[in-house]
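Below is one structure, written out as structure tokens, with a few remarks after it.
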Amino acid sequence: MNMSKVVLGASLLALPLSFLSGLGAAALATTIELAVSPLLRPSSGGQSAGCPQTLIAYETLQPYAPGGYSTQGMIQLSAIATNISATQRNDFSATWTGTLKPEYRNCKASAGIFKIDGEDFDGHSYLRLQMLDGQVTAILDMTGMRDANNYTTVIIDQTMRSGNPRWTWGGTD
């Protein structure tokens, strides 16, 4: 294998990240729409009462750092829940749990990414929700997600701000 092609290929992978970081991270926020799918229960006709149709999350690529990249995100979970708190975090995943607001307390459903910036998304939904028994669980899961060097992307930070889950995940370039 020609090493100059390998080096050139790696340089081209790094170019978009360094170029984009110079444009300002705030301008690069992406809107993520999560579609809510009711739990199928044959005895109830597959309907789940009082579920939201979609939820919105945002992610922003952070300024490029040599050797790696990171993405900050948040989901507007406070739109449907209260008493939200971080309940679990390891290198692969982060989880938040909250109490569904009264209008959603009977919802039995899950949600996953279906659009990013208005474009259909058919990849692995690394952000998912479960709504069951009056509770909502948001799961950010990097399991199976790979960066340019075939390493699993990692959860760097998990926080709460303004009643909404926030995170940072990243990888190598």
Side-chain angles (χ1 to χ4, degrees), residues 17 20-21 23-41 46-64 68-145 147 152-171:
L17 293 176
L20 292 174
S21 69
L23 297 175
L28 299 174
T30 58
T31 301
I32 299 171
E33 295 176 64
L34 290 91
V36 176
S37 300
L39 182 64
L40 177 62
R41 292 266 188 211
Q47 297 300 311
S48 187
C51 292
Q53 289 187 321
T54 60
L55 289 160
I56 302 296
Y58 300 96
E59 285 193 331
T60 305
L61 181 65
Q62 297 305 290
Y64 177 74
Y69 64 92
S70 65
T71 300
Q72 289 184 340
M74 67 85 66
I75 184 166
Q76 294 179 325
L77 204 54
S78 64
I80 65 164
T82 61
N83 302 320
I84 304 162
S85 63
T87 53
Q88 179 272 330
R89 177 179 154 212
N90 60 40
D91 288 343
F92 296 103
S93 64
T95 305
W96 298 264
T97 303
T99 303
L100 288 167
K101 290 182 176 180
E103 60 267 37
Y104 302 115
R105 74 174 168 240
N106 293 322
C107 179
K108 292 182 180 180
S110 66
I113 299 171
F114 84 105
K115 287 188 185 269
I116 296 181
D117 284 340
E119 299 289 325
D120 289 345
F121 177 79
D122 61 0
H124 172 71
S125 183
Y126 56 90
L127 180 59
R128 299 180 305 277
L129 282 98
Q130 299 172 357
M131 291 165 265
L132 188 64
D133 298 328
Q135 298 289 307
V136 61
T137 302
I139 305 158
L140 176 69
D141 187 8
M142 297 289 109
T143 304
M145 301 292 290
D147 65 19
T152 299
T153 53
V154 64
I155 304 293
I156 299 168
D157 194 22
Q158 170 194 33
T159 61
M160 291 285 301
R161 188 171 359 139
S162 302
N164 290 305
R166 304 213 178 229
W167 60 82
T168 305
W169 62 268

Quick one about [Y] and [X] (side-chain donor to acceptor, distance below 3.5 Å, no hydrogens or angles considered), yes or no?
X: D147; Y: T153; answer: no
X: W169; Y: E59; answer: yes
X: T143; Y: D141; answer: yes

Main-chain N/O of [Y] paired to [X] side chain as donor or acceptor, under 3.5 Å:
X: N90; Y: F92; result: yes
X: N164; Y: L77; result: yes
X: T31; Y: Y58; result: no
X: Q76; Y: L55; result: no
X: S125; Y: G112; result: no
X: Q158; Y: Q88; result: yes
X: Q62; Y: T60; result: yes

Indicate yes or no: at least one non-hydrogen side-chain atom of [X] is less than 4.5 angstrom from one of [Y].
X: T159; Y: W167; result: no
X: T54; Y: L34; result: no
X: T97; Y: Q135; result: yes
X: Y126; Y: I113; result: yes
X: S93; Y: M142; result: no
X: L129; Y: V136; result: yes
X: E33; Y: I56; result: yes
X: H124; Y: M145; result: yes

A35: side chain to side chain contact (heavy atoms under 4.5 Å, CB included) partners, not counting sequence neighbours: F114
Could you pull out all residues at least two apart from I156 that satisfy side chain to side chain contact (heavy atoms under 4.5 Å, CB included)? S70, V154, T168
Counting only heavy atoms not in D117, do more than 12 fall under 6.0 Å of its CG? yes
Closest non-hydrogen atom pair between [X] and [Y], with its separation:
X: S78; Y: S162; answer: OG-O, 4.3 Å
X: F121; Y: K115; answer: CB-N, 4.0 Å
X: A86; Y: W96; answer: CA-CD1, 3.6 Å
X: C51; Y: A109; answer: SG-CB, 3.9 Å

For the atom pair [atom1] ([X]) and [atom2] ([Y]), what is the distance rounded to the nearest 0.5 Å?
X: L39; Y: Q130; atom1: CG; atom2: CD; answer: 10.5 Å
X: K101; Y: T82; atom1: NZ; atom2: OG1; answer: 7.5 Å
X: T71; Y: L61; atom1: OG1; atom2: CG; answer: 5.0 Å

Given side chain to side chain contact (heavy atoms under 4.5 Å, CB included), test L140 with I155 step by step and report yes or no. CA-CA 8 Å; L140 176 69; I155 304 293; 3.5 Å; yes
Steps toward side chain to side chain contact (heavy atoms under 4.5 Å, CB included) verdict (K108, M131): CA-CA 5 Å; K108 292 182 180 180; M131 291 165 265; over 6 Å; no
With side chain to side chain contact (heavy atoms under 4.5 Å, CB included) as the criterion, how do I139 and R128 come out once you've worked through the C-alpha distance, each side chain's angles and the decisive distance to 0.1 Å? CA-CA 5 Å; I139 305 158; R128 299 180 305 277; 4.1 Å; yes
